[in-house]
K.L.:
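I'd like to ask you about the structure that follows.
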Amino acid sequence: DHCGSCTRCLSICPTDAFPAPYQLDSTKCIAYLTIEHKGPIDRALRPKMGNRVFGCDDCLAVCPWNRFAKQSADLRPFLRDELSAPALKELSTFDDERFRKYFAGTPIKRTGRDRFLRNVLIAMGNSGDQSMIGAIEPHLKDDTPLVRGAAIWALAQLVSDAEFEKFRAHHLSHEPDEAVREEWRLGDAVPTGIGSWPLGMINGGLSVLMGIGGGTFGVTIMTLFGAT
């Protein structure tokens, strides 16, 4: 045990995903939620994700042992200039073809366009930037319920209650998916308590593959392995 009394990783986690030392609750881990989880992300956790759209390395960044880490040569193929702090608005315009081409050769591609757009839309909702509204609105009619649901939540964070009600009146009656209809009904409400799915514990084994971030509420992208 090299951790001693250090609890930096437990304290830094945005979603309190460490219920105890050496235990990781995957249903709260941003890395798991943005990369592996296939469905809608728990509404109570969405505000805590900030602008993280692919992974999170906060726990690793504060670990004193990681100051000895060296960058692997395996990272070099993924460190492309165009992946440095891409703008959320640009990412939100990706269809499946453009998503595949843009992220070709990177681990991001394996999440697929729909899950990635879900994450991007949540980040847009967290931005507090009302100029994002125009980029969010087209996704209210996206072919995928997962994307539509995330777009509704993002919109609710950035418009007034009165404006949201106008959007809801226009879209709700035409929405066939019950989960998406529930997003319209809830708006920007945050449920009490966290956890819509059974808890799953993951012990240790996290390693950062790549981290990209920055910009004025641009985007943070990372990949974590070991959460299986």
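Because the structure is a prediction, the values reported are computed rather than measured. The first residue in the sequence is number 1, and the count goes up from there.
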K.L.:
Using the test ring pair (Phe, Tyr, Trp, His ring centres under 6.0 Å), find all partners of H2 that sit at least two apart in sequence or belong to another chain.
P.N.:
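Checked H2 against ring pair (Phe, Tyr, Trp, His ring centres under 6.0 Å); matches are W65.
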K.L.:
Main chain of I108, side chain of T111: is a donor-acceptor contact present, judged purely on distance under 3.5 Å?
P.N.:
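Such a contact is found between T111 side chain and I108 backbone.
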K.L.:
Could you tell me the separation between the CG atom of L33 and the OG atom of S26, rounded to the nearest 0.5 Å?
P.N.:
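Answer for the CG-OG pair, L33 versus S26, is 8.0 Å.
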K.L.:
Using every non-hydrogen atom in the two residues, find where R52 and K48 come nearest and quote the distance to one decimal.
P.N.:
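For R52 versus K48, the nearest heavy atoms are NH1-O, 3.7 Å.
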K.L.:
Output all residues satisfying side-chain hydrogen bond (donor to acceptor under 3.5 Å, both in side chains) with R100, sequence neighbours left out; order by chain, then residue number.
P.N.:
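For R100, the residues satisfying side-chain hydrogen bond (donor to acceptor under 3.5 Å, both in side chains) (neighbours in sequence not counted) are D96.
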K.L.:
Which heavy atom in H139 sits nearest to a heavy atom in S92, and how many Å separate them?
P.N.:
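Heavy atoms only, the tightest pair is NE2-O, 2.6 Å.
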K.L.:
Please report the closest heavy-atom contact between R118 and H37, naming both atoms and the distance.
P.N.:
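Closest approach of R118 to H37: NH1-O, 2.8 Å.
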K.L.:
Looking at H171 and W184, what are the two nearest heavy atoms and their distance?
P.N.:
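For H171 versus W184, the nearest heavy atoms are CB-CZ2, 3.3 Å.
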K.L.:
Between atom CZ of F164 and atom CD of Q157, what is the distance when rounded to the nearest 0.5 Å?
P.N.:
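Here the rounded value is 9.0 Å.
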K.L.:
Answer whether the closest heavy-atom distance between the side chains of L186 and I152 falls below 4.5 Å.
P.N.:
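They are not in contact (no side-chain heavy atoms under 4.5 Å apart), so the answer is no.
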K.L.:
Which residues pass the salt bridge (charged side-chain N to carboxylate O under 4.0 Å, His left out) test with E182, sequence neighbours left out?
P.N.:
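Testing E182 for salt bridge (charged side-chain N to carboxylate O under 4.0 Å, His left out), a comparison that skips the adjacent residues, returns R185.
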K.L.:
I want to check something: taking the side chain as every heavy atom from C-beta on, are Y22 and C3 in contact at a cut-off of under 4.5 Å?
P.N.:
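Yes, their side chains come closer than 4.5 Å.
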K.L.:
With D129, which residues qualify under side-chain hydrogen bond (donor to acceptor under 3.5 Å, both in side chains), at least two apart?
P.N.:
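Applying side-chain hydrogen bond (donor to acceptor under 3.5 Å, both in side chains) to D129 gives S131.
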K.L.:
Write down the atom of A154, the atom of L121, and the distance for their closest heavy-atom approach.
P.N.:
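Smallest heavy-atom distance, with atoms named: CB-O, 3.1 Å.
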K.L.:
Is there a continuous path of hydrophobic side-chain contacts, each under 4.5 Å between heavy atoms, that joins V62 to L10?
P.N.:
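No, it is not one cluster - the side chains of V62 and L10 are not joined through contacts under 4.5 Å.
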K.L.:
Applying ring pair (Phe, Tyr, Trp, His ring centres under 6.0 Å), name anything that partners F99, two or more places apart in sequence or on another chain.
P.N.:
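Partners of F99 by the ring pair (Phe, Tyr, Trp, His ring centres under 6.0 Å) criterion, ordered by chain and then number, come out as F103, F116.
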K.L.:
Working to the nearest 0.5 Å, report the span between CG of L158 and CD1 of I136.
P.N.:
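Output value for this atom pair is 5.0 Å.
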K.L.:
Would you please name every residue forming a side-chain hydrogen bond (donor to acceptor under 3.5 Å, both in side chains) with E175, sequence neighbours left out?
P.N.:
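Testing E175 for side-chain hydrogen bond (donor to acceptor under 3.5 Å, both in side chains), a comparison that skips the adjacent residues, returns R148.
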K.L.:
If the condition is salt bridge (charged side-chain N to carboxylate O under 4.0 Å, His left out), which residues does D114 pass it with, not counting sequence neighbours?
P.N.:
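For D114 there are no salt bridge (charged side-chain N to carboxylate O under 4.0 Å, His left out) partners, ignoring immediate neighbours.
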K.L.:
Are V53 and Y102 connected, step by step, through hydrophobic side chains (Ile, Leu, Val, Met, Phe, Trp, Tyr) whose heavy atoms are closer than 4.5 Å?
P.N.:
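Yes, one cluster joins them.
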K.L.:
Any chance you could measure F167, atom CZ, to L140, atom CG, to the nearest 0.5 Å?
P.N.:
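CG of L140 is found 6.5 Å from CZ of F167.
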K.L.:
How would you list, by chain and number, every residue that makes a side-chain contact (heavy atoms from CB on, under 4.5 Å) with S160, sequence neighbours excluded?
P.N.:
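If we apply the side-chain contact (heavy atoms from CB on, under 4.5 Å) test to S160, skipping adjacent residues, the hits are A162, E163.
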K.L.:
Does L146 sit in a hydrophobic cluster with other residues, and if so which ones, taking ILVMFWY side chains as linked at heavy-atom separations under 4.5 Å, directly or through other members?
P.N.:
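Besides L146, the hydrophobic cluster comprises nothing; the residue is isolated.
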K.L.:
Should C29 and T15 count as side-chain neighbours, where that means a heavy-atom distance under 4.5 Å?
P.N.:
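Not in contact.
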K.L.:
If the condition is salt bridge (charged side-chain N to carboxylate O under 4.0 Å, His left out), which residues does R46 pass it with, not counting sequence neighbours?
P.N.:
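R46: salt bridge (charged side-chain N to carboxylate O under 4.0 Å, His left out) contacts with E183.
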K.L.:
To the nearest 0.5 Å, what is the distance between OH on Y32 and CD1 on I30?
P.N.:
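Answer for the OH-CD1 pair, Y32 versus I30, is 14.5 Å.
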K.L.:
Taking D25 for the side chain and P19 for the main chain, is one N or O donor matched with an acceptor at less than 3.5 Å?
P.N.:
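Looks like no, no N/O pair under 3.5 Å.
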K.L.:
How would you list, by chain and number, every residue that makes a side-chain contact (heavy atoms from CB on, under 4.5 Å) with D95, sequence neighbours excluded?
P.N.:
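Partners of D95 by the side-chain contact (heavy atoms from CB on, under 4.5 Å) criterion, ordered by chain and then number, come out as E97, R98.
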K.L.:
Main chain of I35, side chain of R115: is a donor-acceptor contact present, judged purely on distance under 3.5 Å?
P.N.:
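Yes: the side chain of R115 pairs with the backbone of I35.
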K.L.:
According to a 4.5 Å side-chain heavy-atom criterion applied to Ile, Leu, Val, Met, Phe, Trp and Tyr, with indirect links allowed, do I12 and L24 form part of one hydrophobic cluster?
P.N.:
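Per the 4.5 Å side-chain linkage, I12 and L24 are not co-clustered.
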K.L.:
Please determine whether residues L172 and V159 belong to a single hydrophobic cluster, defined as Ile, Leu, Val, Met, Phe, Trp and Tyr linked transitively by side-chain heavy-atom distances below 4.5 Å.
P.N.:
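Linked within one cluster.
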K.L.:
Taking all atoms of both residues into account, what is the closest heavy-atom pair of G55 and T34, and its distance?
P.N.:
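The answer is N-OG1, 2.7 Å.
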K.L.:
Could you work out, with side-chain hydrogen bond (donor to acceptor under 3.5 Å, both in side chains) as the rule, every residue matching E165, not counting sequence neighbours?
P.N.:
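Per chain and number, E165 pairs via side-chain hydrogen bond (donor to acceptor under 3.5 Å, both in side chains) with R168.
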K.L.:
In Å and rounded to the nearest 0.5 Å, what is the OG1 to CG distance from T144 to L117?
P.N.:
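If I round to the nearest 0.5 Å, the distance is 8.5 Å.
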K.L.:
Between the side chain of R8 and the main-chain N/O of P64, is any donor-acceptor distance below 3.5 Å?
P.N.:
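Here the side-chain-to-backbone pair does not exist.
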K.L.:
Begin from the C-alpha positions of T27 and L45 and carry the test side-chain contact (heavy atoms from CB on, under 4.5 Å) through to its verdict.
P.N.:
CA-CA 10 Å; T27 66; L45 295 174; over 6 Å; no
